[in-house]
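Contents: one structure, followed by commentary.
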Amino acid sequence: MALQEPPCESSTLSIMKEMTPLEEIRHSAAHVLATAVLRLYPDTQLDIGPPTDSGFYYDFDSEIPFTPEVVEAIETEMKKVIKENQRFEKIEVSREEAIGMIKEMGQETYKLGRLEDIPEGEAISFYRNGEFADLCAGTHVSYTKKIKAFKLLQVAGSYHRGDAENKQLQRIYGTAFATKDELKEHLDRLEEAKKRDHRNVGKDLGLFHIDEMVGQGLVLWKPNGAVIRQELESFISSELNKQGYSQVFTPHVGKLELYRTSGHFPYYQDSQYPPIIHRDCLSALAEEGCTCSELSNKLEEGEIDGYLLKPMNCPMHIRIFKSEQRSYRDLPIRLAEFGTVYRWEQSGELNGMTRVRGFTQDDAHLFIREEQLQDEIQGCLGLVKLVFSVLGMDDYRVRVSLRDPESDKYVGDAEAWDKAEKALKEAVQTLGVDYEEELGEAAFYGPKIDFVVKDVIGREWQLGTVQVDYNLPERFDLSYVGSDNQDHRPVMIHRAPFGSMERFCGVLIEHFAGNFPTWLAPEQIRILPMNDELVENAQEVLAQLKSKNFRASIDKQSGKLGAKIRKAETDKIPHMLILGQREIDEGNVSIRSRNNPDMDGTRPLDEFISSIEEEISSKTLPKERANT
RNA sequence: GCCCAUGUAGCUCAGUCGGUAGAGCGCGUCCUUGGUAAGGACGAGGUCGGCGGUUCAAAUCCGCUCGUGGGCUCCA
């Protein structure tokens with residue numbers, strides 16, 4: 001279910017895009033929803049109810065919990081309202097009249113605030129249908145009967161004005177379409193999408209497991225998933241070698257002092273695993289009767305030290321840079337690491353492999369001279385683009401994440417920010433893709449370019465990222481010796497083409513629905529002997545495949561060929577080799593290929609081997625997506 | 001963290017009004033030896049997420065707790 005942000009923040013916004021016919025249906029359905037809720041529960045306070053990308057919702061403040069039974073009753077009432085064929089009627093009013101109407105309806109709690117959002121001088125209107133009227137800029141269908149196909153989908157909590165400090169309301173989500181067929185198609189599509197959900201596919205194909213006893217959001221990569229990850233890592237590593245990166249390794253923990261210097265502690269304390277403090281220190285504090293908050297203070301002040309599970313790799317790479325004197329001739333220095341980091345994400349935010357508490361970034365930090373900035377950003381962007389094109393992921397969005405000028409969460413001076421933002425904007429323009437600038441999406445230390453993709457249910461996830469940072473070099477007092485024999489401050493680029501291996505693989509599983517290209521497939525070839533006597537011949541074939549480093553196996557089950565084929569299909573094996581007496585007599589193998597149906601047929605093993613070698617080395621994408 | 005939903009065999013799920021559990025797939029053994037998506041028989045597997053309560057009796061009702069799903073908030 002693509003429960004997205006609405007195209008407009010509020011139904012009361014007066015500056016409103018013209019609604020499409022479908023949006024009108026959905027917006028009207030939201031009003032009918034409110035009509036029905038007020039009929040059943042007249043004490044309910046209404047907030048807002050806009051259309052969204054895939055439906056509509058309305059936020060209610062009600063003492064009654066909207067359980068499934070209640071929602072069903074509401075849906076039934078909505079059908080009645082639609083059947084009554086009420087006319088939608090626009091009423092333009094003055095501000096005073098609007099206040100009067102809101103009070104008359106007893107909807108002061110939220111609607112008066114929403115009214116205040118409408119700037120002075122803008123038109124104020126209500127839309128009336130039957131006994132119900134709602135502050136609303138429109139637009140709507142003419143009669144409720146025009147809402148021919150709708151369905152309430154779920155109830156969710158939501159904060160008034162999206163602020164967790166405010167009261168939590170009950171949001172009812174629904175969707176509506178012009179026809180019943182379209183609605184059914186939409187619901188079928190949602191059902192279909194579940195099948196390629198990485199959590200299901202990951203289980204079916206034995207890719208990963210998240211174990212309750214290990215901990216929330218901590219991914220166990222199973223053998224098959226590990227193969228995919230390893231292939232991706234070696235793919236990116238070989239690209240990094242070409243581009244002059246150096247591989248480093250750093251530990252999973254580091255002293256708190258390191259993160260005090262970087263600014264991550266205590267600023268991000270809430271999203272870190274708690275610090276590790278030496279037991280002697282802890283027992284001494286316990287004897288002193290130190291309270292929890294005192295301990296927390298001492299940690300913040302640096303009166304006691306401890307270790308932190310690494311929440312990010314940058315400070316460690318920075319210390320590597322700083323461990324030697326650097327000359328301008330050495331720059332850029334590009335330090336790369338598959339660095340595992342740990343973050344205490346809120347439990348409600350965890351999600352399969354896409355939002356976890358321990359993850360491995362394909363991280364690198366570039367230490368550069370300012371004049372190298374443009375070239376280096378371009379290089380990083382090129383790498384991200386390469387990753388997407390090799391994997392056939394063309395459905396992504398590029399976001400230039402800038403600081404919110406109103407907010408104070410950012411560090412560093414405005415001048416540096418301007419330079420960094422300018423460099424990124426310049427670079428993205430040469431990328432040759434559409435992009436959007438978004439205020440307030442920047443990291444606290446610098447702006448970034450993010451590559452964002454959607455999962456099967458329409459949620460967006462940030463994958464690749466390129467970030468420019470003038471701030472951490474400052475905090476760690478980094479320098480290099482310039483040609484003028486003076487010290488200069490380097491600029492840093494943080495970048496991760498995959499983002500994290502966990503999230504990337506999660507999204508990739510859904511992208512391919514488990515039908516991986518042969519170079520990534522955990523098992524590339526399966527040999528299916530016709531009967532038990534031929535297993536020995538199959539072993540010979542297997543030995544040849546293994547000698548070529550293919551990942552292959554033999555299906556030794558004594559079942560019918562059809563069953564073995566079915567198993568290989570559901571296991572999503574790219575290539576099957578069927579081995580019967582006929583093939584052995586002729587010195588051939590019979591090929592049945594999921595990834596390349598052109599290869600189907602009978603031919604000598606050598607021929608098969610060379611075409612697979614070619615397929616793997618060129619990272620060919622599956623030609624046809626199988627339906628199972 | 002918050003709201004709603006949910007947790008039964010390795011997996012997907014059924015289990016009525018409270019009377020201590022079922023199916024399919026998978027797994028094991030045996031039979032079957034086959035030609036491009038499921039051959040057959042038998043069998044093993046569950047103190048129904050955990051703890052507590054109500055009751056003669058709890059998978060079922062209540063409370064707490066842990067996990068999961070969808071939203072919201074958050075995401076260096």
Side-chain angles (χ1 to χ4, degrees), chain A residues 1 3-5 57 59 65-68 70-71 153-173 194 197 199-200 203-204 206 209-213 215-217 259 262-265 267-268 270-272 311-315 341 343-352 354-357 361 409-411 441-446 448 457 459 461-462 465 467 469 471-472 494 503 528-535 557-571 576 578-583 590-594 600 602 626-628:
Chain A
M1 277 144 280
L3 303 173
Q4 299 289 303
E5 271 305 293
Y57 67 80
D59 284 347
F66 292 160
T67 58
V70 170
V71 171
L153 296 172
Q154 54 182 294
V155 182
S158 70
Y159 298 103
H160 173 55
R161 293 190 186 276
D163 185 341
E165 299 295 310
N166 286 340
K167 181 162 185 189
Q168 191 160 31
L169 309 173
Q170 298 187 78
R171 174 173 296 177
I172 299 181
Y173 278 104
K194 275 192 204 154
D197 189 309
R199 288 164 297 197
N200 296 329
K203 197 177 280 177
D204 292 345
H209 171 63
I210 296 176
D211 192 278
E212 181 176 334
M213 194 177 262
Q216 283 187 291
Y259 300 102
S262 69
H264 294 107
F265 188 88
Y267 193 57
Y268 280 99
D270 287 347
S271 37
Q272 289 159 357
M312 54 187 348
N313 303 302
C314 352
V341 297
R343 298 178 188 177
W344 188 261
E345 305 288 0
Q346 297 184 74
S347 63
E349 263 311 324
L350 298 173
N351 189 286
T354 47
R355 189 83 184 264
V356 292
R357 284 186 175 160
Q361 299 175 309
K409 79 166 191 178
Y410 306 100
V411 294
E441 289 291 323
F444 78 96
Y445 52 75
K448 47 188 188 150
I457 60 175
R459 286 179 298 211
W461 300 101
Q462 177 199 310
T465 181
Q467 316 179 353
D469 180 8
N471 175 56
L472 287 178
H494 310 240
R503 179 177 289 179
L528 314 182
M530 288 297 296
N531 61 49
D532 294 354
E533 276 85 67
L534 299 174
V535 169
Q557 293 290 315
S558 59
K560 284 178 82 170
L561 178 62
K564 295 182 189 183
I565 288 175
R566 186 184 146 80
K567 179 83 169 79
E569 288 284 348
T570 56
D571 287 349
M576 292 171 225
I578 290 148
L579 204 61
Q581 196 56 51
R582 198 192 300 157
E583 284 78 13
S590 172
I591 301 157
R592 176 176 163 133
S593 170
R594 285 171 62 79
D600 283 5
T602 304
N627 294 320
T628 44

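Chain letters run A, B, ... following the sequence lines, proteins first, then strands; residues in each count from 1.
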Whole angstrom is fine here: how far is it from [atom1] in [X] over to [atom2] in [N]?
X: A:Arg199; N: B:G70; atom1: CZ; atom2: C1'; result: 9 Å
X: A:Gln361; N: B:C75; atom1: CD; atom2: C1'; result: 12 Å
X: A:His160; N: B:G71; atom1: NE2; atom2: C1'; result: 18 Å
X: A:Glu345; N: B:A76; atom1: CD; atom2: P; result: 9 Å
X: A:Gln462; N: B:C74; atom1: CD; atom2: P; result: 16 Å
X: A:Asn200; N: B:U68; atom1: CG; atom2: P; result: 15 Å
X: A:Glu165; N: B:C74; atom1: CD; atom2: P; result: 11 Å
X: A:Leu528; N: B:A38; atom1: CG; atom2: P; result: 14 Å

- Message: In this structure, which stretches of RNA chain B are paired as stems of three or more consecutive Watson-Crick or G-U pairs, both distances less than 3.5 Å?
- Response: B:1-7 with B:66-72, B:10-13 with B:22-25, B:27-31 with B:39-43, B:49-53 with B:61-65
My understanding is that only residues two or more places apart in sequence, or in another chain, count here; which of them pass ring-ring contact (aromatic ring centres under 6.0 Å, His included) with [X]?
X: A:Tyr259; answer: none
X: A:Tyr267; answer: A:Phe444
X: A:Phe265; answer: none
X: A:Trp461; answer: none

- Query: C1' atom, B:G50 versus B:A58: distance in rounded Å?
  - Reply: 16 Å
- Query: How far, in whole Å, is B:A44 from B:C27 if one measures between their C1' atoms?
  - Reply: 9 Å
[X] (side chain) and [N] (base): donor-acceptor pair under 3.5 Å:
X: A:Tyr159; N: B:G1; answer: yes
X: A:Ser271; N: B:A76; answer: yes
X: A:Arg355; N: B:C74; answer: yes

- With sequence neighbours left out, the residues meeting side-chain contact (heavy atoms from CB on, under 4.5 Å) with A:Asn531 are A:Glu533, A:Leu534
- Item | Residues which pass side-chain contact (heavy atoms from CB on, under 4.5 Å) with A:Gln361, listed by chain and number, not counting sequence neighbours | A:Asn313, A:Val341, A:Arg343, A:Phe359, A:Asp363
Counting heavy atoms from C-beta on, name the nucleotide in [options] closest to the side chain of [X].
X: A:Pro68; options: B:A5, B:A76, B:C72; value: B:A5
X: A:Thr570; options: B:A76, B:A37, B:G70; value: B:A37
X: A:Ala156; options: B:C72, B:G70, B:C74; value: B:G70

So, does [X] get its side chain near the phosphate of [N], meaning an N or O under 4.0 Å from OP1 or OP2?
X: A:Asn351; N: B:G71; answer: no
X: A:Arg459; N: B:C75; answer: no
X: A:Tyr259; N: B:A76; answer: no

- Report which part of the nucleic acid A:Gln170 touches: base, sugar-phosphate, or nothing (heavy-atom distance under 4.0 Å, all strands). nothing
- Query: Hey, does A:Tyr268 reach any base, or is it just sugar-phosphate, or nothing, if we go heavy atoms under 4.0 Å?
  - Reply: base
Tabulate protein N/O versus nucleotide N/O from nucleotides 32-36 of chain B, keeping only pairs under 3.5 Å, one per line.
{"unit_1": "B:U32", "atom_1": "O4", "unit_2": "A:Ser558", "atom_2": "OG", "d": "3.1"}
{"unit_1": "B:U33", "atom_1": "O2", "unit_2": "A:Asp532", "atom_2": "N", "d": "3.1"}
{"unit_1": "B:U33", "atom_1": "N3", "unit_2": "A:Asp532", "atom_2": "OD2", "d": "3.2"}
{"unit_1": "B:U33", "atom_1": "O4", "unit_2": "A:Asp532", "atom_2": "OD2", "d": "2.6"}
{"unit_1": "B:G34", "atom_1": "N7", "unit_2": "A:Met530", "atom_2": "O", "d": "2.3"}
{"unit_1": "B:G35", "atom_1": "O6", "unit_2": "A:Arg582", "atom_2": "N", "d": "3.4"}
{"unit_1": "B:G35", "atom_1": "N1", "unit_2": "A:Glu583", "atom_2": "OE1", "d": "3.0"}
{"unit_1": "B:G35", "atom_1": "N1", "unit_2": "A:Glu583", "atom_2": "OE2", "d": "3.3"}
{"unit_1": "B:G35", "atom_1": "N2", "unit_2": "A:Glu583", "atom_2": "OE1", "d": "3.4"}
{"unit_1": "B:G35", "atom_1": "N2", "unit_2": "A:Glu583", "atom_2": "OE2", "d": "2.3"}
{"unit_1": "B:U36", "atom_1": "O3'", "unit_2": "A:Arg592", "atom_2": "NH1", "d": "3.3"}
{"unit_1": "B:U36", "atom_1": "O2'", "unit_2": "A:Arg592", "atom_2": "NH1", "d": "3.2"}
{"unit_1": "B:U36", "atom_1": "O4", "unit_2": "A:Ser590", "atom_2": "OG", "d": "2.5"}

According to side chain to side chain donor-acceptor pair (under 3.5 Å), who are the partners of [X], at least two apart in sequence or on a separate chain?
X: A:Thr354; result: A:Asn351
X: A:Asp59; result: A:Ser158, A:Arg171
X: A:Asp163; result: none

- Under a 4.5 Å cut-off applied to non-hydrogen side-chain atoms, are A:Met530 and A:Gln581 in contact? no
Strictly under 3.5 Å: I want the nitrogen or oxygen pairs between protein and nucleotides 60-67 of chain B, one per line.
{"unit_1": "B:G67", "atom_1": "OP1", "unit_2": "A:Gln216", "atom_2": "OE1", "d": "3.0"}

